[in-house]
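First comes the structure, then the notes that go with it.
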Amino acid sequence: MIYSFWIFDKHCNCIFEREWTLGSNTNNPNALSSGTINSKQNDEIGKLLYGMIFSLNSITQKLSTSISDNQINNNIRSISTGKFRIHTMQTATGLWFILITDFKQQNYSQVLHYIYSHIYIKHVVHNFLSPYDFALNPKEQRGQGVKKINNRHFINTLEAFLQSMLN
Amino acid sequence: MSKSRSSSLSTHAANLSSKTGANQSKFFKTFGDDIWKNKIEKVNAELFIMTYGVIVQQLCQDFNNDYMKINENLFSMGYNIGVRLIEDFLARTALPRCPNMIMTSEVITKVAFKVFLNITPVVDNWSSNKDTFSLILVENPLAEFVDLPHDAKKQLWYSNIICGVLKGALEMVQLDCDIGFVSDVLRGDASTEIRVKLNKILKDEIPLGED
């Protein structure tokens, strides 16, 4: 079961979000087929999520320096709570791909890597008239940007891909 | 909270952290060769050479053989490719950031050049503080069949797009570098050499309020 999916760019901005939250809109037959955006009516959630991962990641970087000099590959991979698991993948360019799921499956790193290499690369990176950097000026950096990926091909392909994992 | 065990995708990244010197060099060689063989769709070489040739030719026409402007334009086209190509590269390799320029030079030559152009430039002429090095292009697929006209020989860097690609790609992994040709066999020089100089490592942004 997948609850939500997020992408953050190197400017700490959320550039994509989709939620498949059960319960809040069970009357809507389309609730499962197409993800909702920000169903909790709280745009702080994305910022809080990023903030938590950012802080945890800085802590692990500090811990790894005390263990050895090598900081390679000591990023957060997943975080678990009593109810769900947060899977994360960071690229060397500073993008974060984040998937929130239930406990059924341990490891979603293949899924995150597939989204990056087959969906994000094709529909955003190889699409030259779409921006690759969503913050146009310093006012949109450091988590203050609001621009999102609104490319139809990207959204449709991603939703179709995640669809199979919803239940 | 718990951290999950390492994934198969990034095990090579973990492997690589334990390797140094010659071992690391061998590792990247095999790694790059493997990706070239198994994960890359090949294109017709002649079509590739002609596509690049026609770009340079069109620029010569547009800028009335002002070679300085042509160099600049090739560089900026390369930059626009580089900032995107780096994501493609990372998606294929899943490599983490390099801790020093020595590893950066290994990844550029044995993995990046291998994967995208099927050549492996030689790394040479390190500065004493190990932040500047040269890439010697023994082969250059862009320049095959090319013979520069006499007036272009002193000014045109025919393959300048490569410098732009490197600039854009490195900048996206927070390495601010100066990159440029210092010699080219097309100009009658003994070798084709690109100089890469690290200016500074850019800082990752942190969310407002976290500092």
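- More than 12 heavy atoms of other residues, nucleotides or ligands sit less than 6.0 Å from atom CG of N137(A).
- Annotation: maximal heavy-atom pairing with chain A below 4.5 Å, among V173(B), V83(B), L85(B), occurs at V83(B).
- More than 12 heavy-atom neighbours from other residues, nucleotides or ligands sit within 6.0 angstrom of NZ on K130(B).
- The environment of NZ in K42(B) is crowded: more than 12 heavy-atom neighbours from other residues, nucleotides or ligands sit within 6.0 Å.
- At a 4.5 Å heavy-atom cutoff, I86(A) makes no contact with chain B through either its backbone or its side chain.
- The closest donor-acceptor contact from the side chain of H11(A) to the backbone of E205(B) lies at 3.5 Å or more, if one exists at all.
- Contact of D204(B) with chain A is not made at all, since no heavy-atom distance falls under 4.5 Å.
- The number of heavy atoms from other shown groups lying within 6.0 Å of NZ (K197(B)) is above 12.
- Without hydrogens or angle criteria, Y116(A) side chain to E87(B) main chain gives a donor-acceptor distance under 3.5 Å.
- Minimum interatomic distance between F54(A) and I206(B) (heavy atoms only, all atoms of both residues): CZ-CG2, 3.1 Å.
- Under a cut-off of 6.0 angstrom, the local environment of CD1 in I201(B) is sparse, with at most 12 non-hydrogen atoms contributed by other residues, nucleotides or ligands.
- Once rounded to the nearest 0.5 Å, the distance linking CD of Q174(B) with NZ of K10(A) reads 5.5 Å.
- The number of heavy-atom neighbours closer than 6.0 Å to NE2 of H153(A), taken from other residues, nucleotides and ligands shown, is 12 or below.
- More than 12 heavy atoms of other residues, nucleotides or ligands shown are found within 6.0 angstrom of NZ on K148(A).
- Of the residues considered (S58(A), S117(A), A92(A)), A92(A) shows the highest number of contacts with chain B, using heavy-atom pairs under 4.5 Å.
- Looking at Y50(A), the atoms closer than 4.5 Å to chain B (heavy atoms on both sides) all sit in the side chain, from C-beta outward.
- Remark: side-chain polar atoms of R84(B) are paired, donor with acceptor, to backbone N or O of N127(A) under 3.5 angstrom.
- Between D88(B) and I121(A), the closest heavy-atom pair is N-CD1, 3.6 Å.
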